[in-house]
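The structure appears right after this line, and notes come after that.
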Amino acid sequence: MPTGWDAVEDDAAKSGYRESKWKEGGHFLLIDTQPAAENLTLEQDAAPVHAAVERIPGYEELRYGPTTLAGSEAWEWVFRARGKQQVDYFFNRCDRGFGVLGSAPGGDFEPFEATFRRAAESVQVSC
């Protein structure tokens with residue numbers, strides 16, 4: 001995780017999933033995991049979250065589509081809402097589904113975008 005960021009949660013059990021979160025100032029990085037959704041594409045897995053967030057007043061979608069992370073298929077969603085720009089990656093490793101969400105205040109996203117991608121690419125699972 002980014003050097004100097006404060007851990008807020010570390011593999012915390014939530015209702016049906018696990019979550020880790022780090023923050024630094026107005027920036028945060030969140031990783032959640034749950035059993036991979038069977039018979040769903042990555043786009044279908046992202047769809048419920050996408051549908052909820054796109055209803056936020058002032059929502060602006062910048063990218064929503066397939067990408068690769070560390071040589072594996074993933075889904076990338078970049079958007080602005082509530083004064084922040086965020087990137088959310090969706091991917092599967094072994095039998096786990098992951099979401100990696102990076103967020104920065106609106107005008108401060110670009111310097112952190114590579115950090116958020118590296119964090120998503122660094123996710124490792126013991127199969």
Side-chain angles (χ1 to χ4, degrees):
M1 292 307 104
T3 303
W5 288 43
D6 296 320
V8 177
E9 292 183 310
D10 186 15
D11 200 27
K14 303 289 184 169
S15 180
Y17 66 99
R18 302 192 71 79
E19 181 177 282
S20 297
K21 184 175 181 179
W22 300 263
K23 70 174 188 163
E24 184 275 326
H27 309 87
F28 74 83
L29 177 67
L30 182 145
I31 299 176
D32 64 51
T33 184
Q34 61 190 11
E38 291 187 35
N39 302 318
L40 291 182
T41 66
L42 293 170
E43 180 181 12
Q44 291 167 328
D45 194 30
V49 179
H50 181 256
V53 173
E54 70 182 349
R55 289 192 288 260
I56 294 172
Y59 167 83
E60 180 184 0
E61 188 166 289
L62 303 174
R63 286 193 306 269
Y64 187 70
T67 191
T68 58
L69 291 173
S72 297
E73 291 182 10
W75 196 261
E76 178 185 44
W77 173 27
V78 181
F79 60 97
R80 291 187 186 111
R82 296 184 178 133
K84 296 183 184 243
Q85 186 166 329
Q86 302 182 36
V87 59
D88 206 351
Y89 296 103
F90 299 83
F91 55 93
N92 294 325
R93 298 279 190 277
C94 300
D95 62 347
R96 308 289 305 166
F98 289 87
V100 176
L101 177 66
S103 179
D108 198 25
F109 179 81
E110 191 173 317
F112 289 88
E113 187 170 15
T115 299
F116 298 145
R117 177 174 275 279
R118 279 193 308 273
E121 289 180 326
S122 75
V123 171
Q124 296 181 11
V125 180
S126 296
C127 296

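In this chain, numbering begins with 1 at the start of the sequence shown.
- Under the 3.5 Å distance criterion, with hydrogens and angles disregarded, no donor-acceptor pair is assigned to the side chains of Glu43 and His50.
- The hydrophobic clustering, which links ILVMFWY residues whose side-chain heavy atoms are closer than 4.5 Å, places Leu30 and Tyr17 apart.
- The CZ atom of Phe28 sits 9.5 Å away from the CH2 atom of Trp5 when rounded to the nearest 0.5 Å.
- Of all the heavy atoms in Leu29 and Gly102, the pair that sits closest is CD1-CA, 4.3 Å.
- Distance check, rounded to the nearest 0.5 Å: CD1 of Ile31 to CZ of Arg18 gives 13.5 Å.
- Side-chain atoms of Phe79 and Val53, non-hydrogen and from C-beta on, do get closer than 4.5 Å to each other.
- Taking all atoms of both residues into account, the shortest heavy-atom contact from Gly26 to Lys84 is O-NZ, 3.5 Å.
- Residues meeting the side chain to side chain contact (heavy atoms under 4.5 Å, CB included) test with Glu73, sequence neighbours left out: Leu42.
- Side-chain atoms of Glu9 never come within 3.5 Å of backbone atoms of Lys21 as a donor-acceptor pair (strictly under, hydrogens ignored).
- The CZ atom of Arg63 lies 12.5 Å from the CG atom of Asp88; values are rounded to the nearest 0.5 Å.
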Item to complete: Any chance you could lay out the side chain to side chain contact (heavy atoms under 4.5 Å, CB included) test for Asp32 and Lys14, step after step, and finish with the verdict?
Response: CA-CA 9 Å; Asp32 64 51; Lys14 303 289 184 169; over 6 Å; no
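- Scored by the ring pair (Phe, Tyr, Trp, His ring centres under 6.0 Å) test, His27 finds Phe112 as partners (sequence neighbours excluded).
- The minimum heavy-atom distance linking Leu69 with Arg93 is given by the pair O-NH2, 3.6 Å.
- Applying the ring pair (Phe, Tyr, Trp, His ring centres under 6.0 Å) test to residues at least two apart or on different chains, the pairs with a partner in residues 80-99 are Phe91-Phe98.
- In this structure, Gly16 and Pro35 approach most closely via the heavy-atom pair O-CD, 4.4 Å.
- In the hydrophobic clustering of this structure, Leu62 does not group with Trp77; members are Ile, Leu, Val, Met, Phe, Trp, Tyr whose side-chain heavy atoms approach within less than 4.5 Å, directly or through other members.
- Neither Tyr59 nor Leu101 shares a network with the other; the hydrophobic side chains, linked directly or stepwise wherever heavy atoms of I, L, V, M, F, W or Y lie under 4.5 Å apart, form separate groups for each.
- In the hydrophobic cluster analysis, where Ile, Leu, Val, Met, Phe, Trp and Tyr join through side-chain heavy atoms closer than 4.5 angstrom, Val49 is grouped together with Trp75.
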Worksheet item: Can Glu76 and Arg117 be said to form a side chain to side chain contact (heavy atoms under 4.5 Å, CB included), step by step?
Response: CA-CA 10 Å; Glu76 178 185 44; Arg117 177 174 275 279; 3.6 Å; yes
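- Relative orientation of the Phe116 and Phe109 rings is tilted, given thresholds of 30° and 60° on the angle between their planes.
- The CZ atom of Arg96 sits 7.5 Å away from the CD atom of Gln34 when rounded to the nearest 0.5 Å.
- Taking every heavy atom of both residues into account, Ala36 and Asn92 meet most closely at CB-OD1, 3.9 Å.
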